[in-house]
There are 2 protein chains.
Amino acid sequence: MNLKELSKNLGLSQTTVSRALNGYPEVSDATRLRVQEAAKAHNYSPSNRAKGLATGRALAIGHVIPVSNRHEMVNPIFGDFIAGAGETYSRRGYEMVLSVVDDENEHKVYESLSSRRAVDGVVVHGPRMGDSRIAHLQKIGLPFAVHGRASGLDSTYTWLDVNNRRAFERATNFLIDLGHRRIAIINGLEVMDFAYRRREGYKSALGANDLPIDPKIMRSGEMTEVFGYESARDMLDDDDAPTAFVCSSLVCALGARRAIEERGLVMGKDVSIVTHDDALSYLQNGRDVPIFTATRSSVREAGRRLAQMLLDQIANPQSPPQQELLEAELMVGSSTGPAPRKD
Amino acid sequence: MNLKELSKNLGLSQTTVSRALNGYPEVSDATRLRVQEAAKAHNYSPSNRAKGLATGRALAIGHVIPVSNRHEMVNPIFGDFIAGAGETYSRRGYEMVLSVVDDENEHKVYESLSSRRAVDGVVVHGPRMGDSRIAHLQKIGLPFAVHGRASGLDSTYTWLDVNNRRAFERATNFLIDLGHRRIAIINGLEVMDFAYRRREGYKSALGANDLPIDPKIMRSGEMTEVFGYESARDMLDDDDAPTAFVCSSLVCALGARRAIEERGLVMGKDVSIVTHDDALSYLQNGRDVPIFTATRSSVREAGRRLAQMLLDQIANPQSPPQQELLEAELMVGSSTGPAPRKD
DNA sequence: ATCGCTTCCCAAAGCGCTTTGGATTTGGCA
DNA sequence: TGCCAAATCCAAAGCGCTTTGGGAAGCGAT
């Protein structure tokens, strides 16, 4: 069923039917109702493709998922973020198109999406420090919104980020207040902006309390369970082992806990952990009581929100870019406790 | 830059330029070369939208992601599966469009994708037993491929599945061979077809060894860490506790391990675990030595493969639907050991 | 009646591509 | 030299929609 058939069916012109369906004021309420009912009855929905051709808008947003081809790593937060963004899109009549791309070809994909007018805008995932994608997108004039930020850029653009620095500063302070003096960090890859900021927050808390910053207990890598495990294991086996960890993800924290327990130590007593928790649906941090003390911020909500910001920007191109900084909440669980006394 | 401009630029007709670029034989090699170079120079790439309108093909595949609106649960395998499928699509010039949808509105989304001709086919995720989506898609004539299968349907369609029954039969037998007599299962939601099949495999192994099938040690639910933990905890605290678990996912297994260790028991000695492992990139089952004994099958590879099967089917609509059954490999890790002696 | 507004509707052009059905040129061969 | 097929190219229609630029009623006021 297409417009032509539908309008013939109704004895109206295509113009009128189109206007009736798109809420233009030039048609009477009676006609509009009649049209809407016929559309529903015939299960008609307009072809996005034709609509896009006619209007110049694609009614689609692109998500370019970089997959590091070295590690074939897919970011675990991706599913939940997409789910959140998808809710917004479907509510506003947009489609989501995904491109999975190894991180070297990203620029080309943006060019192509833009020149083919395949999308009205894109969401940039996993910004790195001074990320070149941002300048590139500004150059080719494709609207975009960044999940996170890129330090070292002075231009303004639309982004939504968690206050990573503050979150890790608070996490570290929380441990310091419990008497911990030797606190390790198990961080994500520090070319990633979020990881850089978290480390800064960690360092700042240590510095403010006159505690030394020791590279020996600062690890960074791809945030897998194994990475969390190996990092924690190595540091715990060292003399001068830390009494506490801050972790960049629940997955890492699970690995760290494995290392702790493998050593016969008790988490929350001998060794404390504070982790960041993205509130992933399949990795809830406990049901009622949090397992881990955590700085928590829902990545799904971030997806919902960032998609809105992008759509708003596309709707009003002249309005200035929006930014939004979410504060993570600190939830106290059973993975932390007072620093063990030295005997 | 569009076709019209490009052809004006070259002093050729749109027809010729279009043919030159699409490899039709009616243009001379010299012209073709000239056209191709001009296209590259002007960074021209045709609008998918217009192309689709003209040809009737969308050059896009839809993935409809059902999100149970009760639990807001996103399947953790989703990211890796998509990454695999995305590789295939970009290699073959297709786009991937995602619709996130609560599980009640799925049928409508298929209708809409189909009637708007937004996609040339769809991938069906998470089939349930006797899944109604399959008949529906057949009815509306939208090509599709299923990740998994739906028991209780006699029609044939394209699918790719892991031999879940066999995998769990082997897992259970492996434990039986180690002397375990009381083996629990922590399964996914058993409306899901894969979970149903896994339970059948588990039961069949028990039955073949004259072991009783006891509903008290058979749990099924959404496969979160917490679910794994709570299930294992409850069963371990029971008298007549199991000495071994088979788990449907690594995430559950992590929860089960937590319960085991919380009770001061040692995994692989007091209690054994065999889990299914989807080989997710961020949840590797150990680096060198597997942590968990596991039945392993890469979900990413499944994505790659299933996308190929769907594209092939779209290219040759008359050829019969393909099926592919992957065998999971059993990898022995350190989570299993001989059944503890009763004293 | 006539005029001037609304109100409601329509015909047709155009978005960027493919494809049909020729038109023109070229080259081989008698 | 003339003819025919092959090789090249082109104009125009059409895919399903939006939108411009009207036109025809309907109605109260003159």
Side-chain angles (χ1 to χ4, degrees), chain A residues 1-36 38-39 42-60 93-95 112-120 315, chain B residues 1-36 38-39 42-60 93-95 111-120:
Chain A
M1 175 61 63
N2 56 23
L3 230 211
K4 202 184 196 169
E5 286 168 39
L6 184 64
S7 47
K8 190 170 295 174
N9 225 307
L10 280 159
L12 291 171
S13 75
Q14 295 192 37
T15 312
T16 304
V17 176
S18 165
R19 282 180 168 156
L21 292 175
N22 291 309
Y24 285 78
E26 293 96 336
V27 304
S28 69
D29 287 350
T31 321
R32 189 187 306 281
L33 210 67
R34 201 159 66 90
V35 171
Q36 284 171 341
H42 291 83
N43 196 9
Y44 165 79
S45 57
S47 147
N48 255 358
R49 203 187 339 281
K51 204 164 181 163
L53 240 203
T55 57
R57 304 187 316 149
L59 292 177
Y94 272 73
E95 234 138 52
S112 151
L113 286 175
S114 166
S115 75
R116 290 175 313 157
R117 318 235 150 172
V119 298
D120 295 324
Chain B
M1 174 62 62
N2 57 22
L3 232 211
K4 199 177 186 177
E5 287 169 40
L6 184 66
S7 47
K8 190 169 295 173
N9 225 307
L10 281 159
L12 291 171
S13 77
Q14 296 192 36
T15 311
T16 304
V17 176
S18 166
R19 284 182 169 156
L21 292 175
N22 291 310
Y24 284 78
E26 293 95 335
V27 304
S28 68
D29 287 352
T31 323
R32 189 188 306 281
L33 210 69
R34 201 159 67 91
V35 170
Q36 284 171 341
H42 291 84
N43 195 10
Y44 166 80
S45 58
S47 147
N48 254 359
R49 204 189 334 288
K51 205 165 182 162
L53 241 203
T55 57
R57 303 190 314 148
L59 292 177
Y94 271 73
E95 233 139 52
E111 300 268 9
S112 151
L113 286 175
S114 167
S115 75
R116 288 176 314 158
R117 318 236 149 171
V119 298
D120 296 324

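Lettering follows sequence order; numbering is per chain, from 1.
Atoms CG (A:L3) and P (C:dA11) sit 14 Å apart, rounded to a whole Å. With rounding to whole Å, A:K8 atom NZ is found 12 Å from C:dA11 atom P. A:Y24 has its OH atom 17 Å from the P atom of C:dC10, to the nearest Å.
If you check every strand for non-hydrogen atoms under 4.0 Å, A:R19 touches a base. Within the nucleic acid shown, A:S47 comes within 4.0 Å of sugar-phosphate atoms alone, with no base atom in reach, counting heavy atoms only. Backbone-only contact: B:T55 has heavy atoms under 4.0 Å from sugar-phosphate atoms and none from a base. When heavy atoms are screened at a 4.0 angstrom cut-off, A:T15 is found touching base atoms of the nucleic acid.
Of all nucleotides in DNA chain D, those with any atom nearer than 4.0 Å to a heavy atom of chain B start and finish, going 5' to 3', at D:dT8 to D:dG16.
Side chain of A:T55 to backbone of A:K51: a donor-acceptor contact under 3.5 angstrom is found. Remark: the backbone N or O of A:L53 is not paired with any side-chain donor or acceptor of A:R117 at under 3.5 angstrom.
Residue order along DNA chain D, read from the 5' end via each residue's closest nucleotide, puts B:D29 first among B:A50 and B:D29. Between B:L53 and B:R32, the residue anchored nearer the 5' end of DNA chain D, judged by the nucleotide with its closest heavy atom, is B:R32.
Under 3.5 Å, the side chains of B:S45 and A:S115 contain a donor-acceptor pair of N or O atoms.
When all heavy atoms are compared, the tightest approach of B:S7 to B:Q14 is OG-CG, 3.5 Å. When every heavy atom of A:Y94 is checked against every heavy atom of A:D120, the shortest pair comes out as CE2-OD2, 3.5 Å. The two residues A:L21 and A:Y44 make their nearest non-hydrogen contact at CD1-CE2, 3.6 Å.
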